[in-house]
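Contents: one structure, followed by commentary.
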Amino acid sequence: METVTQKLNGNACIDDWIKLFNSKTEEDLNMIKSKNIGIQRAKQLLHEMSLTDAIRETIENTER
């Protein structure tokens, strides 16, 4: 996934989205403390998708 090249500009709402798009790890996501409901939902969806990948990988490994 590519990162957003825009620098943080001091606007908390925009900065949170930039941080979200630039996050590479779960820890990066956890560092984003935002009251923005869109950010919270995006973080939740990313977490759910990563769980889905882990579950899929476990199933694939047990089928081998």
Side-chain angles (χ1 to χ4, degrees):
M1 183 156 118
E2 291 189 34
T3 59
V4 176
T5 57
Q6 181 175 348
K7 294 182 180 181
L8 301 180
N9 67 6
N11 179 326
C13 184
I14 294 172
D15 288 351
D16 287 343
W17 283 106
I18 293 170
K19 290 175 192 174
L20 179 81
F21 290 127
N22 288 337
S23 63
K24 292 186 178 9
T25 66
E26 183 94 20
E27 292 79 27
D28 292 342
L29 290 174
N30 291 336
M31 294 296 293
I32 304 170
K33 306 292 184 199
S34 178
K35 294 180 182 179
N36 180 321
I37 202 142
I39 294 284
Q40 293 172 0
R41 181 68 177 136
K43 287 173 55 177
Q44 178 184 3
L45 287 172
L46 286 169
H47 180 71
E48 289 172 7
M49 288 183 342
S50 68
L51 287 179
T52 304
D53 289 344
I55 292 168
R56 184 180 332 115
E57 184 178 321
T58 300
I59 292 170
E60 288 173 356
N61 287 337
T62 58
E63 291 176 349
R64 292 182 190 171

Rounding to 0.5 Å, atoms CG (Asn22) and CH2 (Trp17) come to a distance of 13.0 Å
With rounding to the nearest 0.5 Å, note down the distance linking OG1 in Thr52 to NE2 in His47.
9.5 Å
Under 4.5 Å between side-chain heavy atoms, counting indirect links through other Ile/Leu/Val/Met/Phe/Trp/Tyr residues: same cluster for Leu45 and Met31 or not?
no
With a 3.5 Å distance limit and no angle check, can you tell me whether Asp28 reaches the backbone of Thr25 through a side-chain donor-acceptor pair?
yes
For residues Leu20 and Leu29, report the shortest heavy-atom separation together with the two atoms involved.
CD1-CD2, 3.6 Å
Distance check, rounded to the nearest 0.5 Å: Asn36 atom CG versus Asp15 atom CG?
12.0 Å
Treating Lys43 as the side-chain partner and Ser34 as the backbone partner, does any N or O pair qualify as donor plus acceptor under 3.5 Å?
no
Starting at CD of Glu57, measure out to OG1 of Thr62 and round the result to the nearest 0.5 Å.
11.0 Å
Excluding sequence neighbours, so at least two apart, what forms side-chain hydrogen bond (donor to acceptor under 3.5 Å, both in side chains) with Gln44?
Arg41, Glu48
